[in-house]
Amino acid sequence: MYNAFWNHLKEQLLSTPPDFTCALELLKDVKENRLRNEIEEALDTDLLKQEAEHGALDVPHLSNYILNLMALLCAPVRDEAIQKLETIRDPVQLLRGIFRVLGLMKMDMVNYTIQSFRPYLQEHSIQYEQAKFQELLDKQPNLLDYTTKWLTKAATDITTLCPSSPDSPSSSCSMACSLPSGAGNNSEPPSPTMVLYQGYLNLLLWDLENVEFPETLLMDRIRLQELAFQLHQLTVLASVLLVARSFSGEVLFRSPEFVDRLKCITKALTEEFISRPEETMLSVSEQVSQEVHQGLKDMGLTTLSTENTASLLGQLQNITKKENCIRSIVDQWIRFFLKCCLLHGMQESLLHFPGGLILIEKELAQLGWKFLNLMHHNQQVFGPYYAEILKHIIHPAQAQETDVEPN
């Protein structure tokens, strides 16, 4: 890493025109080293100890020096905190405040350093993972067998999917995620990129008992299982919210406080949905019904009749069934959104967010970021291997398109 930094600096300075980004950072370091010497002279602990023993220690002057120094070094976000410290007269409270802000400044510096070196770390990580995997592949030529099976299934799946089905998300999102290279058109083979992305989405449905997990994703298996669990939770959560809203009306669900409370309750109660679905949804239906009743009452709206309450309870409990129409549609919307993220990135996908999922936009965006970042890194590392495999899976006329690099 040390050599890589200096080689990068050399490339910047020799470029046309020269790039002085790293050079300016080094000059900044020189300035900070000079400043460090000044600090050591001003805060000479031996001298300060002698002054304290002789009653000559000027505490206010020392405090002002430290605060001025902190103001010089801190990030702009800490300016307000330092200004508040300048108003404190109690020496104990002042020292306490100084050390608290210094701790924050230290974290600011750590985050800045990590951010500055992230491109080098990522590049080094990709090269390192590729080299290590190639070493294993040289020793075990059949190391990509499961990966080949996984991509083969993805190619089969994508040729049988129709993106224009009646249950697809809204037309705006569908247009935003229009599939390239004949995806969804059975007369033409899909593109390698679309096959890979379908494979990534299939990982979120992986059977835990299936040991034939792609070799290129073994290091990410635990994280993918966690994402799959979160996706399942969001599917149930969104289904519950949609059912509840259909009975209580839009007025109640325009209250952020009510929606947040309902989401919090549902999340807590559905932690064990996978292991105990019927019991879980029984508890959820009863609690949600009570919340809807109380919410309508508090807003002066007509509460649900006995018949509607029974219907609400029944529809919530039916979410247990995998074939439940609301749950199925929500699941399709979520997966379609994740496909949009892979194809076009998070920012554009959020602009065409499925209207039916608006109540879980924040939670789904967080899941999308995690999934996108994980798969993006995998694609950068193993893209060349995937391209080679897909040559033999996709029709020869389409096999020339081997670009499975990230968008």
Side-chain angles (χ1 to χ4, degrees), residues 162 164-174 204-205 228-338 353-367:
C162 179
S164 58
S165 66
D167 291 335
S168 294
S170 62
S171 58
S172 61
C173 185
S174 298
L204 298 176
L205 290 169
F229 176 76
Q230 292 173 24
L231 185 149
H232 192 275
Q233 271 197 319
L234 286 183
T235 301
V236 174
L237 174 62
S239 301
V240 169
L241 295 175
L242 286 174
V243 170
R245 187 173 66 177
S246 69
F247 278 86
S248 59
E250 294 291 335
V251 176
L252 184 57
F253 272 76
R254 290 196 193 108
S255 167
E257 294 79 11
F258 175 80
V259 174
D260 288 343
R261 177 173 172 77
L262 206 58
K263 286 163 70 173
C264 185
I265 291 171
T266 304
K267 288 177 185 178
L269 292 176
T270 54
E271 283 289 334
E272 299 182 4
F273 180 89
I274 295 177
S275 58
R276 299 187 305 163
E278 289 81 9
E279 296 176 37
T280 296
M281 288 312 300
L282 180 61
S283 300
V284 169
S285 62
E286 293 174 351
Q287 189 65 42
V288 169
S289 176
Q290 293 176 17
E291 293 296 328
V292 168
H293 176 83
Q294 190 61 46
L296 291 171
K297 185 177 179 181
D298 292 343
M299 296 184 72
L301 301 172
T302 304
T303 58
L304 299 182
S305 65
T306 302
E307 183 180 351
N308 282 339
T309 299
S311 182
L312 171 61
L313 291 169
Q315 289 199 29
L316 288 173
Q317 291 169 24
N318 279 338
I319 293 174
T320 303
K321 303 174 183 177
K322 290 184 178 180
E323 63 274 14
N324 177 269
C325 62
I326 295 177
R327 180 176 166 183
S328 297
I329 292 174
V330 168
D331 183 72
Q332 289 181 32
W333 281 342
I334 291 177
R335 295 181 191 282
F336 202 85
F337 172 75
L338 294 177
F353 196 82
L357 300 177
I358 199 67
L359 293 173
I360 61 165
E361 181 176 10
K362 178 182 177 181
E363 292 85 354
L364 186 53
Q366 291 175 348
L367 175 65

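If you read the sequence from its start, that first residue is 1, and numbering goes on from there. Atom set for the values below is all heavy atoms of this structure, side chains included, hydrogens, waters and symmetry mates excluded.
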What is the distance from atom [atom1] of [X] to atom [atom2] of [Y], rounded to the nearest 0.5 Å?
X: Leu241; Y: Ile326; atom1: CG; atom2: CD1; value: 11.5 Å
X: Leu364; Y: Gln230; atom1: CG; atom2: CD; value: 11.0 Å
X: Lys321; Y: Asn318; atom1: NZ; atom2: CG; value: 4.5 Å
X: Leu313; Y: Ser289; atom1: CG; atom2: OG; value: 4.5 Å
X: Asn308; Y: Gln315; atom1: CG; atom2: CD; value: 10.0 Å
X: Phe273; Y: Leu237; atom1: CZ; atom2: CG; value: 12.0 Å

Any side-chain heavy atom of [X] within less than 4.5 Å of one from [Y]?
X: Leu359; Y: Lys263; result: no
X: Val251; Y: Met299; result: yes
X: His232; Y: Leu204; result: no
X: Val288; Y: Ile265; result: no
X: Arg254; Y: Val259; result: no
X: Glu291; Y: Arg261; result: yes
X: Thr320; Y: Leu282; result: no

Check [X] against [Y] and note the closest heavy-atom contact, atom names and distance.
X: Ala238; Y: Val330; result: CB-CG1, 3.7 Å
X: Leu252; Y: Val292; result: CD2-O, 4.0 Å
X: Ile360; Y: Ile334; result: CD1-CD1, 4.4 Å
X: Leu296; Y: Thr302; result: CD1-O, 3.6 Å

Next item on the list: Using modelled atom types only, decide if a donor and an acceptor are shared between the side chain of Ser311 and the backbone of Glu307 within a distance under 3.5 Å.
Entry: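 Judged by distance alone, no pair lies under 3.5 Å.
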
Item checked: Steps toward side-chain contact (heavy atoms from CB on, under 4.5 Å) verdict (Thr266, Gln287) -> CA-CA 8 Å; Thr266 304; Gln287 189 65 42; over 6 Å; no

Note to self: Assess the residue pair Arg335 and Leu231 against the criterion (side-chain contact (heavy atoms from CB on, under 4.5 Å)); give the C-alpha distance rounded to whole Å, side-chain angles, the decisive distance to 0.1 Å, and a yes or no.
What the structure shows: CA-CA 9 Å; Arg335 295 181 191 282; Leu231 185 149; 3.5 Å; yes

Notebook entry, point to check: Using a distance-only test with no angle check, is there a side-chain donor-acceptor pair under 3.5 angstrom linking Gln290 and Glu286?
Noted result: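 Per modelled atom types, Gln290 and Glu286 side chains form no pair under 3.5 Å.
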
Item checked: Modelled atom types, side-chain donor and acceptor of Gln317 and Ser285, under 3.5 Å ->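 Checked: Gln317/Ser285 side chains pair up, N/O donor to acceptor below 3.5 Å.
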
Margin query: Could you go through Glu272 and Ser275, starting from their C-alpha distance and side-chain angles, then the distance that decides it, and tell me whether this counts as side-chain contact (heavy atoms from CB on, under 4.5 Å)?
Written below: CA-CA 6 Å; Glu272 299 182 4; Ser275 58; 3.8 Å; yes

Item checked: Steps toward side-chain contact (heavy atoms from CB on, under 4.5 Å) verdict (Phe229, Glu271) -> CA-CA 10 Å; Phe229 176 76; Glu271 283 289 334; 4.3 Å; yes

Item checked: Under-4.0 Å salt bridge between Arg327 and Asp331 ->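 Judged by the 4.0 Å cut-off on N to carboxylate O distance, Arg327 and Asp331 do not form a salt bridge.
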
Next item on the list: Over 60° means perpendicular and under 30° means parallel, so classify the ring planes of Phe258 and Phe253, tilted if in between.
Entry: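 Because their plane-to-plane angle is over 60°, the rings of Phe253 and Phe258 count as perpendicular.
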
